[in-house]
Amino acid sequence: EPEVTQTPSHQVTQMGQEVILRCVPISNHLYFYWYRQILGQKVEFLVSFYNNEISEKSEIFDDQFSVERPDGSNFTLKIRSTKLEDSAMYFCASSEQYEKLFFGSGTQLSVL
Amino acid sequence: AQKITQTQPGMFVQEKEAVTLDCTYDTSDPSYGLFWYKQPSSGEMIFLIYQGSYDQQNATEGRYSLNFQKARKSANLVISASQLGDSAMYFCAMRGLNDYKLSFGAGTTVTVRA
């Protein structure tokens, strides 16, 4: 069964460093998303991406964050200057239709 | 804006029994979708079931069924014949028809006992 693939599964970085989280959505999907989950808290929406542009973003998704689809298969989330509070599990998701949104297995980001 | 409420932080269920996880929601959108996801201890988010607000019948997917009561704004998940592998966190989520984002509840931890 097709799945959303995320790399790396764990990322440790120093505060102030840039990180890029990578995702390969399911191949025929057109809608891409990033969510995050701080330990013990709710899953929070960050951004959605459709037709090569951001379709919706949350208040969390400030100028420190950016997304890109550099080629036909990858979808990346960049955090320019990481802060301690960016430590979380980051989930990529994709959907072909409205009804089913599939998540990857996540990247656990630890900012030290 | 959508709001999802899951009032049960944790539940225990005996293997082979059924369990119902509560979810209530609030929205001003006339059309919306409701989702349930499972998050095992390994961390991934697994799609379980979807219910559209205008669907005439309650959604079912194998051992999962969604008890949708639109007037009460509830979308409870029923897991029948619980298995040890069902032990996980379960999240209810929703989005409006014209929304891209899912809004999640706080989750319910289910522990299945042998």
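Every heavy atom of this structure was used, including side-chain atoms; hydrogens, water molecules and symmetry mates were not. Letters go in sequence order (proteins before strands), and every chain restarts at 1.
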Engineer: Just wondering, are more than 12 heavy atoms of other shown residues or ligands nearer than 6.0 Å to CG in Asp63(A)?
Structural biologist: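 For Asp63(A), atom CG is not crowded (no more than 12 foreign heavy atoms under 6.0 Å).
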Engineer: Under 3.5 Å, is there a donor-acceptor pair between the side chain of Tyr35(A) and the main chain of Leu102(B)?
Structural biologist: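 Yes: the side chain of Tyr35(A) pairs with the backbone of Leu102(B).
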Engineer: In terms of heavy-atom contacts, does CD of Glu59(A) have more than 12 from other residues, nucleotides or ligands at under 6.0 Å?
Structural biologist: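 Incorrect, the count does not exceed 12.
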Engineer: Please name the pair of heavy atoms, one in Leu101(A) and one in Tyr37(B), separated by the smallest distance, quoted to 0.1 Å.
Structural biologist: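 Reported closest heavy-atom pair: O-OH, 2.5 Å.
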Engineer: Applying side-chain contact (heavy atoms from CB on, under 4.5 Å), name anything that partners Asp71(A), two or more places apart in sequence or on another chain.
Structural biologist: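 Residues passing side-chain contact (heavy atoms from CB on, under 4.5 Å) with Asp71(A): Ser73(A), Asn74(A).
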Engineer: Under 6.0 Å from the NZ atom of Lys83(A), do we count more than 12 heavy atoms belonging to anything else shown?
Structural biologist: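 Yes, NZ of Lys83(A) has more than 12 neighbouring heavy atoms, counting only those of other groups under 6.0 Å.
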Engineer: Specify which of Met89(A), Lys100(A), Gln108(A) makes the most heavy-atom pairs with chain B at under 4.5 Å.
Structural biologist: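 Top count of heavy-atom pairs under 4.5 Å with chain B: Lys100(A).
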Engineer: Pull out the residues in residues 45-54 of chain B that come under 4.5 Å of chain A, heavy atom to heavy atom, sorted by number.
Structural biologist: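 Heavy-atom contacts from residues 45-54 of chain B to chain A are Met45(B), Phe47(B), Tyr50(B).
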Engineer: Measure distances from Ser48(A) to the heavy atoms of chain B and classify the residue's part below 4.5 Å as side chain, backbone, both or neither.
Structural biologist: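 Interface part for Ser48(A): side chain.
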Engineer: Could you see if Phe49(A) belongs to whatever hydrophobic cluster contains Trp34(A)? Use Ile, Leu, Val, Met, Phe, Trp, Tyr and a side-chain cutoff under 4.5 Å.
Structural biologist: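 Yes, it is one cluster - the side chains of Phe49(A) and Trp34(A) are joined through contacts under 4.5 Å.
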Engineer: Specify the closest pair of heavy atoms between Lys42(A) and Phe104(B), including all atoms of both residues, with the distance to one decimal.
Structural biologist: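 Residues Lys42(A) and Phe104(B), closest heavy atoms: CD-O, 3.5 Å.
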Engineer: For Leu112(A), is the CG atom crowded, meaning more than 12 foreign heavy atoms sit under 6.0 Å from it?
Structural biologist: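 It does: Leu112(A) CG has more than 12 such atoms within range.
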Engineer: Please say yes or no: joined through hydrophobic side-chain contacts below 4.5 Å, possibly via intermediate residues, are Phe45(A) and Phe32(A) part of one cluster?
Structural biologist: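 Shared cluster, no.
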Engineer: Is Leu84(A) reachable from Ile38(A) through a run of I, L, V, M, F, W or Y residues, each pair having side-chain heavy atoms under 4.5 Å apart?
Structural biologist: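 No; tracing contacts between hydrophobic side chains, which count when under 4.5 Å, never links both residues.
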Engineer: I need the contact set between residues 63-76 of chain B and chain A: heavy-atom distance under 4.5 Å, sorted by residue number.
Structural biologist: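 The list, in residue order, is empty: none.
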Engineer: If Ile, Leu, Val, Met, Phe, Trp and Tyr residues are connected whenever their side-chain heavy atoms lie under 4.5 Å apart, and connections chain through other members, are Leu77(A) and Ile54(A) in the same group?
Structural biologist: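 Shared cluster, yes.
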Engineer: Name the region of Gln37(A), side chain, backbone, both or neither, that has any atom closer than 4.5 Å to a heavy atom of chain B.
Structural biologist: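 When you check distances to chain B, only side chain atoms of Gln37(A) fall under 4.5 Å.
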Engineer: Under the disulfide (SG to SG under 2.5 Å) rule, what pairs show up with a residue in residues 15-114 of chain B, not counting sequence neighbours?
Structural biologist: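 Checked against disulfide (SG to SG under 2.5 Å) - neighbours excluded - the pairs reaching residues 15-114 of chain B are Cys23(B)-Cys92(B).
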Engineer: Give me the ring orientation class for Tyr31(A) and Tyr100(B): parallel if the planes are under 30° apart, tilted from 30 to 60°, perpendicular past 60°.
Structural biologist: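 Rings of Tyr31(A) and Tyr100(B): tilted, as their planes differ by 30° to 60°.
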Engineer: Report the distance from atom CZ of Phe91(A) to atom CD of Gln39(B), rounding to the nearest 0.5 Å.
Structural biologist: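 So the gap between those two atoms works out to 4.5 Å.
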Engineer: Can you get from Val112(B) to Trp36(B) by hopping between Ile, Leu, Val, Met, Phe, Trp and Tyr side chains that sit under 4.5 Å apart?
Structural biologist: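 The answer is yes; both residues are in one hydrophobic cluster.
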